[in-house]
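All values below come from the heavy atoms of this structure, side chains included, with hydrogens, waters and symmetry mates left out.
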Amino acid sequence: MQYKTVTLLRGKESSLERMHPWVFSGAIARLDAGIEEGDLVSVYTHEGRHLGNGHYQVGSIAVRMLAFDDRDIDTAFYLERLTDALRVRQALRLMRPDNNAFRLVHGEGDFLPGLVVDIYAGTAVVQAHSPGMHFARHQIAEALMQLPGGWLRNVYYKSETTLPYKAHLDPENQYLVGQFDTDVAMENGLQFHVDWLRGQKTGFFVDQRENRRLLEHYAANRRVLNMFCYTGGFSFYAMRGGAQLVHSVDSSAKAVKLTRDNVALNYPDDPRHEAFADDAFKYLDAMEAGAYDLIILDPPAFAKHKSALKNALIGYRKLNAKAFGKIAPGGVLFTFSCSQAVSKEQFRLAVFSAAAQSRRRVRILHQLTQPADHPINIYHPEGEYLKGLVLYVE
Ligand code: SAH
């Protein structure tokens, strides 16, 4: 299919030839007249060779490539990509009676740049990060409903906060298929409510699934602090792991309520759990030294962009220094960064500086990352965002 044309500057095709999915605006020589934000475009070399088709966007990433050939980007295209993505999740054995929450589409990692789809039991929550995906939302919903198995009943579109503000798309959060508001989903046999209407992002962070399972393994007889608990995922795994007590903290009162509800769903009236609405830094300053021997620090992204990198690294250092200062001897610290702009090495250096400040003996037990349903396109290493360290603190 021939769409309107984007022509690159001479020699600027090499990254696309290596299947990197982005065309930067600085690489473009010419745009056909009338190209609008979100349009499908065909990309050509300066010499007129066709490279592939993608979504055009105003900004530094000008084209997100969907296909490196000349195929139509239609409902059949989306169905094919979604079917491939589903096959991978089946291979990962994420669709089981005791697990029905997972990420079906992770943008570039599933060769669908600009699109995220999370599955919670019978509901798909769709997030567009590009105007092109916003315009394709009905095709995507149609393709989702054609996936084999008949397990999907609801498609909810939630892009009010993820689309570029300047594109003036005014995307309304809405059901594209079906309509029921909340559901109980299951992760490794533990239940949780998902509230895609009011929750952050798509409603529950499935990217910590494997790390929560690892935490469960360390929880027996420990006093656990789950800082930045959001929906309490780490808390109910710690309870199942046999923690002595679990304290969940989040600055958002809504998150504290979600955590209480989710813990109660799995462990009703269990006196081991308490949740508090408080600021992380204040709580860590005020708490007694030695009060906890398992601490989780999973803050929101401190650096949303490269420009915020320096302050983000200072933030990670300060936060971790407080935990190193207070964790009980023999304690285990799970510490994370979900900032894409912060590299694994930079995060490790920030945590290292924090540890050095405490002058305690610290061992790295595990180096954690995002799970396999958040795959990294090998041609797009920028897709790696979640990093974590598990540390043993003497
Ligand atoms: N660990 C969670 C995800 C954390 S998301 C999980 O497994 O799902 C980050 C959370 O940090 C949000 O719920 C947000 O409300 C909370 N938060 C942001 N700033 C905070 C602060 N200064 N103190 C405490 N919580 C904060």
Side-chain angles (χ1 to χ4, degrees), residues 75 78-129 133 136-159 162 173-213 230-233 236-237 258 262 265 338 370-376 383 385-386:
T75 305
Y78 287 110
L79 180 58
E80 191 185 301
R81 289 284 151 98
L82 291 171
T83 305
D84 288 346
L86 185 65
R87 203 171 291 133
V88 173
R89 276 62 183 177
Q90 279 162 338
L92 294 171
R93 298 178 46 81
L94 288 171
M95 303 173 73
R96 312 186 306 261
D98 68 334
N99 195 92
N100 56 22
F102 56 91
R103 178 155 291 191
L104 175 64
V105 177
H106 186 60
E108 285 80 359
D110 286 296
F111 310 101
L112 286 168
L115 182 67
V116 164
V117 182
D118 282 339
I119 303 292
Y120 303 113
T123 299
V125 182
V126 174
Q127 229 178 36
H129 291 254
M133 286 299 181
R137 65 194 181 282
H138 294 289
Q139 285 178 321
I140 294 163
E142 202 184 318
L144 279 167
M145 294 312 292
Q146 288 174 27
L147 284 173
W151 44 273
L152 203 57
R153 289 166 295 157
N154 233 359
V155 179
Y156 186 65
Y157 182 63
K158 188 172 187 191
S159 304
T162 56
N173 290 345
Q174 56 180 285
Y175 286 95
L176 300 175
V177 176
Q179 171 144 22
F180 59 92
D181 289 355
T182 46
D183 206 341
V184 171
M186 187 110 80
E187 185 181 281
N188 289 322
L190 290 162
Q191 298 181 78
F192 59 92
H193 298 280
V194 246
D195 184 345
W196 44 82
L197 297 188
R198 286 163 292 266
Q200 298 173 39
K201 306 276 170 68
T202 61
F204 185 85
F205 289 103
V206 285
D207 59 357
Q208 290 286 24
R209 181 191 321 105
E210 302 305 323
N211 302 332
R212 290 183 188 122
R213 213 209 306 244
Y230 183 34
T231 53
F236 46 77
Y237 276 76
L258 286 169
N262 284 334
L265 201 56
C338 59
Q370 63 218 55
D373 56 337
H374 295 57
I376 300 159
Y385 71 100
L386 183 64

Kindly give the heavy-atom pair with the smallest separation between Thr231 and Asn262, and that separation in Å. O-ND2, 2.9 Å

Hits for ring pair (Phe, Tyr, Trp, His ring centres under 6.0 Å) against Phe192, two or more places apart or cross-chain, chain-then-number order -> Phe204

Between Lys158 and Asp118, is there a salt bridge with N-O shorter than 4.0 Å? no

For Phe102, ring pair (Phe, Tyr, Trp, His ring centres under 6.0 Å) partners two or more places apart: none

Please identify each residue that fulfils ring pair (Phe, Tyr, Trp, His ring centres under 6.0 Å) with His374, with sequence neighbours left out. His106

Pro371 versus Val206, closest heavy-atom pair with distance: CG-O, 4.2 Å

Which donor-acceptor pairs under 3.5 Å do the side chains of residues 141-152 make with protein atoms, sequence neighbours left out?
from, atom 1, to, atom 2, distance (Å)
Trp151, NE1, Pro148, O, 3.2

Looking at Leu386, is its backbone amide N or carbonyl O close enough to the side chain of Gln370 to form a donor-acceptor pair, meaning the two atoms are under 3.5 Å apart? yes

Heavy atoms of Leu115 and Val105 approach each other most closely as O-CG1, 3.5 Å

Is it true that, when you exclude Arg93 itself, more than 12 heavy atoms of the residues, nucleotides or ligands shown sit nearer than 6.0 Å to its CZ? no

CG (Asp110) and CD1 (Ile376) are apart, to the nearest 0.5 Å, by 11.5 Å

Nearest 0.5 Å, what's the CD-CG distance between Gln191 and Leu265? 4.5 Å

Can you name the one residue among Gln208, Arg209, Arg213 that meets side-chain hydrogen bond (donor to acceptor under 3.5 Å, both in side chains) with Asn211? Gln208

Donor-acceptor check, side chain of Asn100 to backbone of Ala185, threshold 3.5 angstrom: yes or no? no

Just by distance, do the side chain of Asp98 and the backbone of Asn188 share a donor-acceptor pair under 3.5 Å? no

Quick one: list whatever passes ring pair (Phe, Tyr, Trp, His ring centres under 6.0 Å) with Phe236, sequence neighbours left out. none

Could you measure the distance from the CG atom of Leu190 to the OH atom of Tyr237? Nearest 0.5 Å is fine. 5.5 Å

Less than 4.5 Å apart, side chain to side chain, heavy atoms only: is that true for Tyr78 and Met133? yes

Other residues, nucleotides, ligands: >12 heavy atoms within 6.0 Å of Arg89 CZ: yes

Under the side chain to side chain contact (heavy atoms under 4.5 Å, CB included) test, residues paired with Glu80 that sit two or more places apart: Arg71

Distance check, rounded to the nearest 0.5 Å: Arg81 atom CZ versus Leu104 atom CG? 13.5 Å

Measuring from atom CG of Leu176 to atom CD1 of Ile140, what distance do you get when rounded to the nearest 0.5 angstrom? 9.0 Å

Asp373 versus Leu92, closest heavy-atom pair with distance: N-CD1, 3.8 Å

Hey, are the side chains of Asn99 and Glu187 touching, using non-hydrogen atoms and a 4.5 Å cut-off? yes

Using a 4.5 Å cut-off on heavy atoms from C-beta on, say whether the side chain of Arg103 contacts that of Val116. yes

Taking all atoms of both residues into account, what is the closest heavy-atom pair of Val126 and Ser159, and its distance? O-OG, 4.0 Å

